[in-house]
Amino acid sequence: MDSTFERIVEILRTQCDLDPSIPITLETTFKDIDLDSLDVVEIALQCEDEFGIEIDVEEPPKTMSEFVDLVESLMD
């Protein structure tokens, strides 16, 4: 099974039509890959469906690491 990070990156690349050559690491910020707040909301909604959780996007995470931590904390 893919890690949470890998699953989120796949959702991100699909939802935002990101070029596969763009590197995404745990330190990557949404700003680094030119995503706006609407993109983050759309990714959060996709992750809710994928992981069976509810994400509060009032205070969206800034890095992939923060986003992965948030998703994993909600899956516990």
Side-chain angles (χ1 to χ4, degrees):
M1 182 163 112
D2 289 341
S3 72
T4 303
F5 171 72
E6 290 168 336
R7 291 167 68 188
I8 291 172
V9 168
E10 185 177 325
I11 289 167
L12 188 102
R13 288 193 187 281
T14 302
Q15 185 69 34
C16 300
D17 197 29
L18 291 179
D19 186 319
S21 67
I22 296 172
I24 299 175
T25 68
L26 287 171
E27 291 77 32
T28 300
T29 67
F30 293 112
K31 188 175 181 175
D32 289 342
I33 50 179
D34 294 326
L35 300 184
D36 61 24
S37 58
L38 181 57
D39 292 321
V40 175
V41 168
E42 289 174 356
I43 293 162
L45 291 173
Q46 289 292 83
C47 286
E48 286 181 340
D49 290 343
E50 173 76 16
F51 297 103
I53 57 174
E54 287 188 31
I55 299 173
D56 179 8
V57 289
E58 293 282 326
E59 288 290 324
K62 294 178 179 27
T63 66
M64 287 301 297
S65 178
E66 290 176 9
F67 195 76
V68 169
D69 289 346
L70 173 63
V71 169
E72 288 180 340
S73 73
L74 293 169
M75 291 184 340
D76 290 341

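This chain uses plain numbering: 1 for the first residue, then up along the sequence.
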Can you measure from [atom1] ([X]) to [atom2] ([Y]) and round to the nearest 0.5 angstrom?
{"X": "Thr29", "Y": "Glu66", "atom1": "OG1", "atom2": "CD", "result": "10.0 Å"}
{"X": "Ile33", "Y": "Met64", "atom1": "CD1", "atom2": "CE", "result": "6.5 Å"}
{"X": "Met75", "Y": "Ile53", "atom1": "CE", "atom2": "CD1", "result": "7.0 Å"}

Please tell me if the side chains of [X] and [Y] come closer than 4.5 Å, counting only heavy atoms from C-beta onward.
{"X": "Leu70", "Y": "Leu74", "answer": "yes"}
{"X": "Glu42", "Y": "Asp39", "answer": "yes"}
{"X": "Thr63", "Y": "Glu27", "answer": "no"}
{"X": "Ser37", "Y": "Phe30", "answer": "no"}

Note to self: So which atom in Glu48 and which in Ile55 form the shortest heavy-atom distance, rounded to 0.1 Å?
What the structure shows: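 Result for this residue pair: OE2-N, 2.7 Å.
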Checklist line | Exam field: side chain Glu72 to backbone Asp69, donor-acceptor pair closer than 3.5 Å | finding: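 Not confirmed, Glu72 side chain does not pair with Asp69 backbone.
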Note to self: Walk me through whether Phe67 and Cys47 qualify under side chain to side chain contact (heavy atoms under 4.5 Å, CB included).
What the structure shows: CA-CA 10 Å; Phe67 195 76; Cys47 286; 3.6 Å; yes
Check: Can you name the residues that form a salt bridge (charged side-chain N to carboxylate O under 4.0 Å, His left out) with Glu50, not counting sequence neighbours?
Finding: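 Salt bridge (charged side-chain N to carboxylate O under 4.0 Å, His left out) check on Glu50 returns Arg7.
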Output side-chain donor-acceptor pairs under 3.5 Å for residues 12-19, partner residues at least two apart or in another chain, one line each.
residue : atom : partner : partner atom : Å
Arg13   : NH1  : Asp19   : O            : 2.9
Arg13   : NH1  : Ile22   : O            : 3.1
Arg13   : NH2  : Ile22   : O            : 2.5
Thr14   : OG1  : Glu10   : O            : 2.9
Gln15   : OE1  : Gln46   : NE2          : 3.3
Asp19   : OD1  : Ser21   : N            : 2.7
Asp19   : OD1  : Ser21   : OG           : 2.8

